[in-house]
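Report on the following structure.
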Amino acid sequence: MFESLGVRMGFVHLHCRSAFSLKDGAFLPEALAAAAAELGMPAVALTDRDALYGAARFVDACERVGVRPILGSLLTLDEGEVLLLARTDAGYANLCRLITHAHMSGERGEPSVTAGEVLRRADGLVALLGPGSPPGRLALRGRLGAARELLRPWREAFGGWCFVEVRNLLEPMSAAEVRTLLRLADEAGVPAAATNAVRHLVPEDAFVADALECMRELVPVAEHHLTRWNNEGFLKPAAAMRGLFAGRP
């Protein structure tokens with residue numbers, strides 16, 4: 001599946017959280033499929049947090065518009081998070097088992113799994129370790145050596161399907177974050193993959209994502225300190241994404 005999605009075909013968004021990421025994403029799976037088709041993208045991933053609730057609707061919608069669906073999830077770890085994508089049937093089964101385990105074992109209704117549990121079920125999965133992952137968090141705290149060591153078991157478990165996820169949301173610290181994560185990828189011998197951590201499909205819908213976040217935190221919009229600096233976390237066209245990483249195609 002992934003082998004057939006070459007760079008010649010343009011950009012594929014691999015990190016998109018829909019309304020099935022409860023009180024987080026600001027769009028439905030059908031809208032994601034339609035937007036990807038309108039942008040001429042060959043495929044798009046639905047990666048809701050700790051969930052695959054919208055998978056059936058997403059696959060059906062993608063088939064209707066001629067876009068290849070990629071199923072995944074942003075999985076909460078005991079310390080951080082990891083973005084997992086299913087590349088085979090076995091990988092999808094492992095992802096389902098991990099999500100089920102996360103919901104059954106998480107304390108106080110908060111789903112989570114350990115990194116070790118993910119590593120034991122790496123078969124058929126793609127791992128993207130971004131700024132919120134355990135290695136990414138260490139690297140951004142200036143501990144590159146420790147981050148490389150923490151990345152080692154992920155590389156061993158996932159082989160060539162382990163990536164460092166890099167995002168450039170044009171926020172004040174984005175440039176430094178990108179440099180650090182690219183350095184981590186280079187020093188660890190792991191390829192980097194660009195995403196945009198999509199939570200809304202068009203810039204104008206950023207406020208909807210903000211309102212959902214306020215609902216999640218039970219605070220009024222006027223009193224909320226937003227976790228975003230701008231409205232750049234949308235489904236950007238391929239040319240825009242290439243422009244964000246012009247120095248590192």
Side-chain angles (χ1 to χ4, degrees), residues 1-18 21 24-27 29 31-47 62 65-70 72 74 81 83 85 126-133 135-136 139-140 160-210 226-249:
M1 169 181 164
F2 278 80
E3 292 89 339
S4 65
L5 299 175
V7 292
R8 68 185 185 281
M9 303 178 77
F11 185 81
V12 173
H13 280 280
L14 296 178
H15 186 164
C16 304
R17 284 171 282 162
S18 78
S21 290
D24 191 0
F27 56 86
L32 174 61
E38 186 175 345
L39 291 173
M41 293 182 172
V44 68
L46 179 66
T47 54
C62 284
V65 297
V67 171
R68 199 160 190 176
I70 300 172
L74 182 64
E81 61 189 26
L83 185 64
L85 305 172
V126 180
L128 283 82
L129 298 161
S133 70
L140 295 176
W161 299 107
C162 179
F163 297 82
V164 171
E165 179 191 9
V166 184
R167 315 168 192 169
N168 185 359
L169 294 176
L170 301 177
E171 296 176 348
M173 297 301 294
S174 288
E177 179 182 291
V178 168
R179 286 196 300 270
T180 299
L181 292 178
L182 287 177
R183 181 179 173 187
L184 172 63
D186 290 342
E187 293 186 1
V190 173
T195 77
N196 209 45
V198 175
R199 291 175 62 208
H200 47 99
L201 297 180
V202 293
E204 295 77 19
D205 285 346
F207 178 77
V208 179
D210 295 341
L226 298 176
T227 56
R228 67 174 179 86
W229 291 81
N230 53 42
N231 59 0
E232 295 291 330
F234 66 98
L235 198 76
K236 292 187 175 182
M241 290 302 301
R242 286 195 296 269
L244 289 176
F245 297 94
R248 182 73 175 257

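- Considering all non-hydrogen atoms of both residues, Val190 and Cys162 come closest at CG1-O, 3.2 Å.
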- Task: Please assess Cys16 against Val44 for the test side chain to side chain contact (heavy atoms under 4.5 Å, CB included), listing each intermediate value before the final yes or no.
- Result: CA-CA 8 Å; Cys16 304; Val44 68; 4.2 Å; yes

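- In this structure, Met241 CE and Arg167 CZ are separated by 11.0 Å, a value rounded to the nearest 0.5 Å.
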- Would you check, one step at a time, whether the test side chain to side chain contact (heavy atoms under 4.5 Å, CB included) holds for Phe11 with Leu39? CA-CA 10 Å; Phe11 185 81; Leu39 291 173; over 6 Å; no

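- To the nearest 0.5 Å, the span separating CZ on Phe27 from CZ on Arg17 amounts to 9.0 Å.
- Residues Glu232 and Asn196 approach most closely at O-ND2, 2.8 Å, considering heavy atoms.
- Of all heavy-atom pairs spanning Ala45 and Leu85, the tightest one is CB-CD2, 4.2 Å.
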- Go through Leu244 and Lys236 one step at a time and tell me if the side chain to side chain contact (heavy atoms under 4.5 Å, CB included) criterion holds. CA-CA 10 Å; Leu244 289 176; Lys236 292 187 175 182; 3.8 Å; yes

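- In this structure, Val126 and Trp161 have side chains that are in contact, with non-hydrogen atoms separated by less than 4.5 Å.
- Contact detail for Val12 and Pro42: the closest heavy-atom pair is CG2-CG, 3.9 Å.
- Distance check, rounded to the nearest 0.5 Å: OG of Ser21 to CG of Leu46 gives 7.5 Å.
- Of all non-hydrogen atoms in Leu235 and Val198, the two that sit nearest each other are N-CG1, 3.9 Å.
- Side chain of His200 to backbone of Val202: a donor-acceptor contact under 3.5 angstrom is found.
- The line from CG of Leu181 to CD of Glu165 is 9.0 Å long, rounded to the nearest 0.5 Å.
- Taken from CZ in Arg248 to CG in Leu182, the straight-line distance is 4.5 Å, to the nearest 0.5 Å.
- More than 12 heavy atoms of other residues, nucleotides or ligands sit less than 6.0 Å from atom CD of Glu187.
- Residue Ala33 comes nearest to Val65 through the heavy atom pair O-CG2, 3.7 Å, listed as atom of the first residue, atom of the second, then distance.
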- Query: Between Val67 and Met41, is a side chain to side chain contact (heavy atoms under 4.5 Å, CB included) present by the stated rule, with each step listed?
  - Reply: CA-CA 7 Å; Val67 171; Met41 293 182 172; 5.8 Å; no

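- For the atom pair CG (Leu184) and OG (Ser133), the distance works out to 8.0 Å, reported to the nearest 0.5 Å.
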